[in-house]
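A short worksheet on the structure shown next.
All ligand and atom numbering here is 1-based and tracks the order in the structure.
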Amino acid sequence: MSSPLANIYARLPISFTHGEGVWLWDEHGRRYLDGLAGIGVSCLGHAHPRLVSAIAEQAARVIHTSNIYEVPQQTALAERIAMLSGMQEVAFCNSGSEANEIAIKLARLYGHQNGNEHAHIITLDSAWHGRTLATLAATSSTKASKGFTPLPTGFIHVPQNDLQAIVDAAAAEPRVNAILLEVLQGEGGIRESHLDYLRAVRKLCDERGWLLMIDEVQSGVGRTGKWFAHQWAEIRPDVMTLAKGLAGGVPIGAVVLAGKAAGVFGPGNHGSTFGGNPLVCAAGLAVLSALEEEQLLDNAAQVGSYLKEALEQALAGMDGVVEVRGRGLMLGIELDRPCGILVAKAAEAGLLINVTRDKVVRLLPPLILKREEADHIVATLVPLIKDFLAA
Ligand SMILES: *Cc1c(COP(=O)(O)O)cnc(C)c1O
């Protein structure tokens, strides 16, 4: 019988009934180690008591009011994010795409306020910024945008880690006023922007009055072992976008503003019905408190390095393994051939992973991952990769 669900996803035939910590159980009682955390979302794992009670308590009081009124949970979460990032303003929304859409709108408005009514944004090859029309235009993947033209214009794609390419693009298009990039490209295959490159881009944006907009939808909120991945480069963006892990699984997005980006938006410039409602902000506050009090940033850094080294050692010298890369618990294993089949094979073996850019096995486990659980990932995944490459 055909399902009335729109045919958007190629789903695995597995459905989960419940979880605890890094583990999920399916309807047949089979247990899986969640090495993907719902694509970097469930940062506290499953059924974390603190998050569960924050959501239950808030739901019992009030789930939603409206941005027509004060929302104290929203103010509190904005204060926490501002403190952790050293940035000034936060606007809430409901997803990563929406957060980036708002960042793009802000760059346009910043242009208008400064006599540039056709502001252009530089973005990077292999970037992933979302699936709305503007974020598809910012994303360089032609696979995702195929069939959806006309897309909004005003985006210029340049290669990652190539400062001269940015300078050249701006020479050809003087209306550039912002750069949008990921510190670690997630969907793009865990490709790192070098820290020197990030510092040089920051300097260039300062010199030219451009906005540096960093998409931390996947890399933010502790994933790489810092609150935000750009903090590894000791820089601060003008605009940062967050979503995935921020409320531990409850849908949320946020745009965080500093410096010349703060104060650009005024009443009427943007809005969202759901954005930052009491329920999601209570969840976000519980996530940030748990990350801090349970020292999960350190855990992500330490268990992440441990896992990366263990994978490197186990895969060393194996024909077909190109590289193990990433930071904290945002790791990729690039193979020399398409390996999407590994997702189903790993699930059969009780491990949830994902493959991005056809050839990169991606791991985004919950930040509560322990060493023994990292060992379990290696012990399950490495033989699968070996067999796959030998076949
Ligand atoms: C997932 C992701 C997005 C899109 O987020 P959605 O919540 O799926 O809209 C944008 N940017 C990055 C870096 C992402 O990883």
Using modelled atom types and a 3.5 Å cut-off, is there a donor and acceptor pairing between side-chain atoms of Arg325 and backbone atoms of Ile190? yes
Evaluate side chain to side chain donor-acceptor pair (under 3.5 Å) for Asp375 paired with Tyr306, printing each intermediate quantity in order. CA-CA 9 Å; Asp375 289 337; Tyr306 175 79; 2.5 Å; yes
Would Val239 and Val256 count as a side-chain contact (heavy atoms from CB on, under 4.5 Å) if you check the C-alpha gap in whole Å, the side-chain angles of each, and the deciding distance to 0.1 Å? CA-CA 6 Å; Val239 178; Val256 191; over 6 Å; no
What are the atom names and distances for all N or O pairs under 3.5 Å between ligand 1 and the protein?
residue: ligand 1; atom: 5 (O); partner: Ser97; partner atom: N; Å: 3.4
residue: ligand 1; atom: 7 (O); partner: Gly96; partner atom: N; Å: 2.8
residue: ligand 1; atom: 9 (O); partner: Ser97; partner atom: N; Å: 2.8
residue: ligand 1; atom: 9 (O); partner: Ser97; partner atom: OG; Å: 2.6
residue: ligand 1; atom: 11 (N); partner: Trp128; partner atom: O; Å: 3.2
residue: ligand 1; atom: 11 (N); partner: Asp215; partner atom: OD1; Å: 3.4
residue: ligand 1; atom: 11 (N); partner: Asp215; partner atom: OD2; Å: 2.7
residue: ligand 1; atom: 15 (O); partner: Gln218; partner atom: NE2; Å: 2.7
residue: ligand 1; atom: 15 (O); partner: Lys244; partner atom: NZ; Å: 2.6

Check for me whether the distance between the ring centres of His376 and Trp23 falls short of 6.0 Å. yes
Suppose we screen for side-chain hydrogen bond (donor to acceptor under 3.5 Å, both in side chains). Which residues come up paired with Lys386, at least two apart in sequence or across chains? none
Start with the C-alpha gap between Val183 and Trp232, add the side-chain angles, then the distance that decides, and say whether side-chain contact (heavy atoms from CB on, under 4.5 Å) holds. CA-CA 9 Å; Val183 175; Trp232 288 106; 5.9 Å; no
